[in-house]
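Below is one structure, written out as structure tokens, with a few remarks after it.
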Amino acid sequence: MELMSYSSTFLLPTIPPSPTYALVVLNQSLPRFAPLLWKHAQLRLCADGGANRVYDDMPLLLPHESAFDVRKRYKPDVIKGDMDSIRKEVLEFYANMGTKIIDESDDQDTTDLHKCVAYICDWAPDLDKSNLCILVAGALGGRFDHEIGNINVLCRFSTIRIILISDDCLIHLLPRTHRHEIHIQPTIEGPHCGLIPIGMPSGSTTTTGLQWDLAPCKVQVWPDYRSILNGSHVCNSPKLSVLYCTYSCAICYGNLTQSCFPCPAETEMKFGGLISTSNIVKGEKITVQSDSDLLWTINIKKL
Ligand SMILES: Nc1ncnc2c1ncn2[C@@H]1O[C@H](COP(=O)(O)OP(=O)(O)OP(=O)(O)O)[C@@H](O)[C@H]1O
Ligand SMILES: Cc1ncc(C[n+]2csc(CCO)c2C)c(N)n1
């Protein structure tokens, strides 16, 4: 199984030459580091009303320059969407500056973010898609239907690296087709994180580097059975390492069965059962492998 690596270097002032970044600005408060993301991106799009945010909020983030100068400098390459939220004066301003305007008001079945991601995929047909990373600014906050719609875009384009970003956290998808290595930037992100199954429950997830790692039942993590026999018997546990089924229980004298001893390592996740929220990154490298797609989320530190 191939490895995918991640690092939030796009939140640092200087970045390595790879990957190629594209930025999509949504119709939600601009994160404070929007100018930095803009600088790193080679293609900048606004999803419909996202153009209002660039027009209104970029000058507020850069108060030492005149609003007109900021607006000229932060000119989107493309504005795309169903155009029911962008203000007329904003549309005219950027159209006059040469921004490409793509009105897809006929399509009322896909979101403006979906439309923008589809554009970016077509924009770079020859670019190795594993070298493309789409940053989505303003993806969280305010309307839960939009937030879920944004997460659904991660699932609909699961082969493309897409990172949803707000002022407070980032979210991306870890597809089940790969194993994953997440390199933490400790000055800018963490320690709070989450791993959430999406699309279906995860039968088996293995992680390293978290305070509460998920791990399959293995004899190495199983406490020595003698110490269990010496008193830590717990009944009605859902988990048991099958390797211990050959031992008989000191309390019930039967063969150890699923109801005899708890397994200390969790592995399954599902809504209605365990999902990994309020977890904590312990090291600078997290590894994840799962039989279902997972969302990875980590907090972005306040300065
Ligand atoms: N409160 C929000 N939280 C998260 N994302 C948002 C929010 N508001 C808008 N977005 C994102 O920005 C994109 C553009 O927003 P815009 O308001 O132009 O959409 P819209 O299609 O006009 O929405 P609607 O018609 O449902 O109000 C949306 O497709 C969505 O991805
Ligand atoms: C079942 C269903 N629910 C909602 C919508 C509405 N909708 C979804 S995306 C979109 C465009 C937003 O810019 C709109 C209006 C639909 N079409 N189908």
Side-chain angles (χ1 to χ4, degrees), residues 10-11 21-35 37-38 41 43-58 60-61 71 74-95 97 99-123 132-158 160-173 194 196 198-199 277 293 295-300:
F10 51 84
L11 291 173
Y21 289 108
L23 173 67
V24 182
V25 179
L26 302 184
N27 190 11
Q28 182 53 250
S29 308
L30 285 188
R32 61 193 181 283
F33 34 79
L37 304 181
W38 192 281
L43 180 73
R44 295 106 178 190
L45 290 88
C46 291
D48 188 5
N52 301 338
R53 303 298 180 140
V54 174
Y55 188 91
D56 295 338
D57 297 353
M58 271 304 186
L60 302 179
L61 291 173
R71 285 177 187 141
Y74 291 89
K75 175 186 84 68
D77 299 299
V78 178
I79 299 173
K80 186 174 177 185
D82 65 358
M83 301 303 178
D84 60 350
S85 300
I86 186 170
R87 301 197 306 274
K88 192 164 169 286
E89 98 229 44
V90 175
L91 183 62
E92 281 171 6
F93 179 85
Y94 290 123
M97 299 244 301
T99 295
K100 185 171 178 176
I101 312 289
I102 307 174
D103 181 339
E104 282 197 352
S105 42
D106 286 348
D107 176 359
Q108 290 297 311
D109 292 332
T110 63
T111 66
D112 297 323
L113 172 59
H114 181 119
K115 293 175 173 86
C116 288
V117 171
Y119 179 92
I120 295 166
C121 293
D122 294 344
W123 163 74
L132 171 68
C133 180
I134 302 178
L135 306 174
V136 182
L140 304 161
R143 268 181 54 183
F144 188 61
D145 61 330
H146 272 314
E147 293 176 321
I148 289 290
N150 296 337
I151 288 171
N152 191 40
V153 169
L154 302 184
C155 301
R156 292 186 86 156
F157 293 89
S158 63
I160 307 288
R161 285 173 188 258
I162 305 174
I163 305 181
L164 304 180
I165 307 171
S166 74
D167 237 359
D168 306 304
C169 72
L170 58 83
I171 304 177
H172 54 85
L173 189 79
I196 297 134
I198 185 100
T277 55
D293 293 345
L295 295 174
W296 164 256
T297 180
I298 187 162
N299 70 292
I300 297 174

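In listed order, ligands and their atoms are each counted from 1.
Residue contacts with ligand 1 do not include G81, since none of its heavy atoms lies under 4.0 Å from the ligand. Residue contacts with ligand 1 leave out G50, since none of its heavy atoms falls under 4.0 Å from the ligand. Ligand 1 lies out of reach of G149, whose nearest heavy atom is not under 4.0 Å from it.
Listed by number with element, the atoms of ligand 1 under 4.0 Å from a non-hydrogen atom of A139 are 4 (C), 5 (N). Residue L113 has at least one heavy-atom neighbour below 4.0 Å for each of these atoms of ligand 1: 29 (O), 31 (O). Under a 4.0 Å criterion applied to the non-hydrogen atoms of D48, ligand 1 contributes the atoms 18 (O), 22 (O). Near G49, the atoms of ligand 1 lying under 4.0 angstrom from a non-hydrogen atom of the residue are 18 (O). For ligand 2, the atoms sitting less than 4.0 Å from at least one non-hydrogen atom of D112 are 13 (O), numbered in the order shown with element in parentheses. Set against the non-hydrogen atoms of D82, the atoms of ligand 2 under 4.0 Å away are 11 (C), 12 (C), 13 (O). Against a heavy-atom cut-off of under 4.0 Å, G138 is close to the following atoms of ligand 1: 4 (C), 5 (N). Those atoms of ligand 1 that come under 4.0 Å of a heavy atom in A47, given as number and element, are 14 (C).
Across all non-hydrogen atoms, the minimal contact from A137 to L23 is CB-CD1, 4.1 Å. A pairwise comparison of heavy atoms in T99 and P76 identifies OG1-O, 2.6 Å as the closest pair. Across every non-hydrogen atom of P31 and D167, the tightest pair is CA-OD1, 3.4 Å. Of all heavy-atom pairs between V54 and V25, the closest is CG2-CG1, 3.8 Å. R71 and Y94 get closest at one heavy-atom pair: O-CE2, 4.1 Å. Shortest non-hydrogen contact noted between L173 and I198 is CD1-CG2, 3.6 Å.
Applying the side chain to side chain contact (heavy atoms under 4.5 Å, CB included) test between D112 and each of L45, V117, D82, N27 identifies D82 as the sole match. Of the candidates L37, I120, I162, V24 forms a side chain to side chain contact (heavy atoms under 4.5 Å, CB included) with just one, namely I120.
When hydrogens are left out, the protein atom nearest atom 2 (C) of ligand 1 is Q28 NE2, 3.1 Å; that is the closest non-hydrogen contact. Nearest to atom 30 (C) of ligand 1 among the protein's heavy atoms is H146 ND1, 3.5 Å. The nearest heavy-atom contact from the protein to atom 29 (O) of ligand 1 is D112 N, 3.3 Å. Looking only at protein heavy atoms, the nearest one to atom 31 (O) of ligand 1 is N150 OD1, 2.7 Å. Closest protein heavy atom to atom 16 (P) of ligand 1: S85 OG, 3.5 Å. Nearest non-hydrogen protein atom to atom 3 (N) of ligand 1 is G141 O, 2.9 Å. Looking from atom 15 (O) of ligand 1 to the surrounding protein, the closest heavy atom is N27 CB, 3.2 Å. For atom 6 (C) of ligand 2, the closest non-hydrogen atom on the protein side is Q108 O, 3.7 Å.
Between atom 26 (O) of ligand 1 and the options R53, R143, K80, M83, the minimum heavy-atom separation is to R143. Selection from L140, V24, D84, L26 by nearest heavy atom to atom 22 (O) of ligand 1 gives D84.
For D84, no heavy-atom contact with ligand 2 is shorter than 4.0 Å.
By the 4.0 Å N-to-carboxylate-O rule, K115 lies too far from D103 to be salt-bridged with it. At a threshold of 4.0 Å, the pair E92-K88 counts as salt-bridged, since one of the basic side-chain nitrogens sits closer than that to a carboxylate oxygen. Ion pairing between a basic and an acidic side chain is recognised when a charged N comes within 4.0 Å of a carboxylate O; D48 and K80 show no such pairing.
Checked by distance only, ligand 2 and D109 come closer than 3.5 Å through their nitrogen or oxygen atoms.
Distance check on atom 12 (C) of ligand 2: some protein heavy atom falls below the 4.0 Å cut-off. Distances from atom 8 (C) of ligand 2 to the protein include at least one heavy-atom value under 4.0 Å. For atom 3 (N) of ligand 2, the nearest protein heavy atom is 4.0 Å or more away.
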Could you walk me through whether R32 and D57 pass the salt bridge (Lys or Arg N to Asp or Glu O under 4.0 Å) check? CA-CA 10 Å; R32 61 193 181 283; D57 297 353; over 6 Å; no

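Q28 places a side-chain N or O within donor-acceptor distance of the main-chain N or O of G141, the cut-off being under 3.5 Å.
Between I165 and I300, some side-chain heavy-atom pair lies under the 4.5 Å cut-off.
For K75, the NZ atom counts as densely surrounded, since its 6.0 Å shell holds more than 12 non-hydrogen atoms of other residues, nucleotides or ligands.
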